[in-house]
Amino acid sequence: MKITFDVDPRTASALLKYAARWSMTPGEIIDGLMRFYKREMKERYNHE
């Protein structure tokens with residue numbers, strides 16, 4: 001599966017900077033951000 005999306009230049013620069021810092025691909029960075037977001041939303045809205 002391939003998903004594409006547009007980001008502004010500032011966001012693209014940040015993704016590339018962090019990818020280079022941690023020796024990851026930009027896709028891996030986005031995957032990590034999505035896992036973090038999913039976990040945070042689950043904790044925020046599904047707690048009892």
message: I'd like to know if the side chain of Glu40 and the backbone of Tyr37 have a donor-acceptor N/O pair within less than 3.5 Å.
response: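 No, because the side chain of Glu40 does not come within donor-acceptor range (under 3.5 Å) of the backbone of Tyr37.
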- request: Taking the side chain as every heavy atom from C-beta outward, state whether Arg39 and Lys42 have any pair of such atoms under 4.5 Å apart.
  value: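 The answer is no; the side chains never approach within 4.5 Å.
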field: Sequence-distant partners of Thr11, side-chain hydrogen bond (donor to acceptor under 3.5 Å, both in side chains), two or more places apart
entry: Asp8
Closest non-hydrogen atom pair between Ala19 and Pro26, with its separation: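 The pair with the smallest heavy-atom distance is CB-N, 3.9 Å.
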field: Residues in salt bridge (charged side-chain N to carboxylate O under 4.0 Å, His left out) contact with Arg10, at least two apart in sequence or another chain
entry: none
message: Side-chain heavy atoms under 4.5 Å apart, restricted to Ile/Leu/Val/Met/Phe/Trp/Tyr: what other residues fall into the cluster of Met34, or is it alone?
response: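 When side chains under 4.5 Å apart are linked, the cluster holding Met34 also contains Phe5, Val7, Leu15, Tyr18, Trp22, Met24, Ile29, Ile30, Leu33.
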